[in-house]
Amino acid sequence: MPASKTAVQDPTLETERALAAQGFRLVGGCDEVGRGALAGPVTVGLVVVDPLRAGPLQGVRDSKLLAPADRLALVPLIRAWAAAWGVGHSSAEEIDALGLVPALRLAGTRAWAAAAAARPDVVLLDGNLDWLGRREQPALFEGLDGGAGAGGDDGVDVAVRLKVKADLQCLSVAAASVLAKVERDALMTDYDAELPGYGWAVNKGYGTQAHRAAIAALGASAQHRHSWRLTIADQAQ
């Protein structure tokens, strides 16, 4: 029987090896989670690999396609497989102060700093917007603990290559998405225990109808993004 047209292919190192053929010895795969949530941080994962030496890694896919238990089981395997790895966060307060894209860059800088064991020569970034590359930052960054480069030129100081659906196609990026998702989900579960009532252990801060109704009833917490339209009534304005 022919394969279904909707079947999901496992990600490979094909793109990473193409970059290695261009002279980039170490490749970093990078992805974010939490961009569209109403509460909690944006979280960035970075996984560094040597594409010519790294082998396949069974079971790794874009984190959205994996069950929570499967993601958790993959974390030690990914860490052992990677030449280096890091995860960074930008808080809801930082998102409000800086805006989403600068906050993503700040989280990416923190992930970069955490992956100090091996510096990639190029970073493969999921999507079509380079929020990770180095650029001049506004004065709002001054005084924030952003890791390497914060307070001046922030972001990574190597080439960034964009690829739409890299989290589905590129093994290093899929691995980064798993690390980021597991860490952010654990944070949201902890926050749910500290501030019950919003359902964060289940919705992970995303804008479900029940979450928006809880915000309307309880008010926004310190973990909410106050610059966003948080309730159903806010959305109607």
Side-chain angles (χ1 to χ4, degrees), residues 3-4 6-20 26-37 40-90 104 107-108 110-120 122-127 132 161 163-193 200-206:
S4 169
T6 60
V8 178
Q9 300 297 316
D10 289 336
T12 70
L13 288 169
E14 181 179 347
T15 300
E16 291 90 335
R17 287 173 178 154
L19 289 168
L26 294 179
V27 177
C30 189
D31 199 11
E32 58 76 26
V33 296
R35 184 196 300 240
V42 287
T43 300
V44 173
L46 177 68
V47 168
V48 183
V49 296
D50 181 339
L52 300 183
R53 294 187 177 185
L57 193 56
Q58 287 295 114
V60 174
R61 288 185 171 184
D62 173 25
S63 61
K64 296 186 292 294
L65 302 178
L66 296 169
D70 293 334
R71 289 194 295 262
L72 192 61
L74 285 168
V75 167
L77 302 180
I78 292 169
R79 291 176 176 176
W81 173 78
W85 60 273
V87 176
H89 311 276
S90 284
L104 280 167
R110 289 167 173 162
W112 173 268
R119 285 290 182 226
V122 63
V123 175
L124 182 59
L125 180 63
D126 180 52
L132 186 63
R161 296 288 185 266
K163 185 175 179 65
V164 175
K165 298 189 183 303
D167 52 357
L168 295 174
Q169 300 172 20
C170 305
L171 186 55
S172 66
V173 179
S177 78
V178 171
L179 295 187
K181 176 69 172 166
V182 169
E183 280 212 19
R184 188 181 184 279
D185 281 2
L187 279 176
M188 295 309 299
T189 299
D190 289 344
Y191 295 155
D192 186 56
W200 292 335
V202 176
N203 63 49
K204 303 302 187 285
Y206 286 92

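For reference, positions follow the sequence shown, starting with 1. As a basis for the values below, the full set of heavy atoms in this structure was taken, side chains included, without hydrogen atoms, waters or symmetry mates.
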side-chain contact (heavy atoms from CB on, under 4.5 Å) assessment of Trp85 paired with Leu179: CA-CA 9 Å; Trp85 60 273; Leu179 295 187; 3.8 Å; yes
Taking all atoms of both residues into account, what is the closest heavy-atom pair of Ala115 and Leu46, and its distance? CB-CD2, 4.0 Å
Please report the closest heavy-atom contact between Gly45 and Ala176, naming both atoms and the distance. O-CB, 3.4 Å
Does the Glu16 side chain pair with the main chain of Ser172, one donor and one acceptor, at a distance under 3.5 Å? yes
Side-chain donor or acceptor of Trp81 paired with backbone N/O of Gly55 under 3.5 Å: yes
Give a yes or no on whether the backbone of Pro51 and the side-chain of Arg17 come within a donor-acceptor separation of less than 3.5 Å. yes
List the atom of Arg61, the atom of Asp10, and the distance in Å for their closest heavy-atom pair. NE-OD1, 2.9 Å
Shortest non-hydrogen contact from Ala117 to Ala83? CB-O, 4.2 Å
Chi angles and distances behind the side-chain contact (heavy atoms from CB on, under 4.5 Å) call for Leu66, Lys181: CA-CA 10 Å; Leu66 296 169; Lys181 176 69 172 166; over 6 Å; no
Using the side chain to side chain donor-acceptor pair (under 3.5 Å) definition, which of the options Glu183, Glu32, Arg35, His89 pairs with Thr43? His89
Apply side-chain contact (heavy atoms from CB on, under 4.5 Å) to Val47 and Leu171, showing your working. CA-CA 9 Å; Val47 168; Leu171 186 55; over 6 Å; no
Shortest non-hydrogen contact between Lys163 and Cys170, atoms and distance: CD-SG, 3.6 Å
Strictly distance-based, threshold 3.5 Å: is any side-chain N or O of Tyr206 a donor or acceptor partner for the main-chain N or O of Gly34? yes
Please report the closest heavy-atom contact between Lys165 and Asp126, naming both atoms and the distance. N-OD1, 3.4 Å
Quick check: does any side chain N or O of Ser177 sit under 3.5 Å from a backbone N or O of Ser63, one acting as donor and the other as acceptor? yes
